[in-house]
Amino acid sequence: LMVASSVAFALACQDVYRVSRDAYMRSMWGVSIGGLAVGILAIVLTSLPLCRGVLKQHGKVLAAISIVLGVLAMFFPLFGALVSCAPFVDAAC
C-alpha cells in the first residue's frame, strides 16, 4: 500500500514538478546573473578613478558605493534561493 501511494503521488506530481523545477532554475539563473552584473558594476566603478583617472575627486564616494555593491553581489544567490525555493516547495508538496 505504501509503494502504491508513493507511485501514485509521483505520477500525479510529475508535471507539476517539471514546471516548478524549470521555474526554479530560471529564477536561480536570473538572480545569479543579476549578482554577476552588480559585481561587474562594482569593479568598473572602482577601476574608473584608479586605472583611468576619471572622477578622481569622487574616488572615496565611488569606493564606498563599490564596497556596498560588492557585498550585495555576494548575497544575491542567497536572496535568489530564499525567493525561489518557497514556490518550488509549495508546488512540490
Side-chain angles (χ1 to χ4, degrees):
L1 185 61
M2 183 96 157
V3 172
S5 65
S6 297
V7 169
F9 179 76
L11 291 176
C13 294
Q14 188 174 12
D15 293 329
V16 173
Y17 175 74
R18 178 80 175 150
V19 172
S20 298
R21 187 182 65 167
D22 291 343
Y24 173 73
M25 292 304 293
R26 279 194 306 270
S27 174
M28 289 302 295
W29 272 107
V31 172
S32 296
I33 291 172
L36 179 71
V38 170
I40 289 172
L41 179 65
I43 291 170
V44 169
L45 280 177
T46 304
S47 67
L48 282 176
L50 294 175
C51 299
R52 301 287 299 170
V54 178
L55 299 172
K56 269 195 163 184
Q57 66 274 18
H58 303 294
K60 290 184 181 180
V61 174
L62 289 176
I65 292 170
S66 297
I67 289 171
V68 171
L69 288 177
V71 170
L72 184 66
M74 288 190 300
F75 288 106
F76 260 64
L78 171 69
F79 298 145
L82 291 175
V83 170
S84 61
C85 281
F88 179 71
V89 170
D90 289 341
C93 296

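Count residues from 1 along the sequence. Here the structure is a predicted model, which means the values were calculated and not measured. Only this structure's heavy atoms are used, side chains among them; waters, hydrogens and symmetry mates stay out.
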*Establish whether L72 and V31 are linked, either directly or via other cluster members, by ILVMFWY side-chain heavy-atom contacts under 4.5 Å.*
yes

*Looking at side-chain heavy atoms only, is the closest gap between V38 and F75 below 4.5 Å?*
no

*With hydrophobic residues grouped by side-chain heavy-atom distances under 4.5 Å, do L69 and V71 end up in a single group?*
yes

Distance-only donor-acceptor pairs under 3.5 Å for side chains of residues 40-58, two or more places apart:
from: T46; atom 1: OG1; to: A42; atom 2: O; distance (Å): 2.8
from: T46; atom 1: OG1; to: S66; atom 2: OG; distance (Å): 2.9
from: S47; atom 1: OG; to: I43; atom 2: O; distance (Å): 3.3
from: S47; atom 1: OG; to: V44; atom 2: O; distance (Å): 3.0

*If you look only at pairs with a residue in residues 30-42, which of them pass as a side chain to side chain donor-acceptor pair (under 3.5 Å), with sequence neighbours excluded?*
none

*For the residue pair G35 and A73, what are the closest heavy atoms and their distance?*
O-CB, 3.5 Å

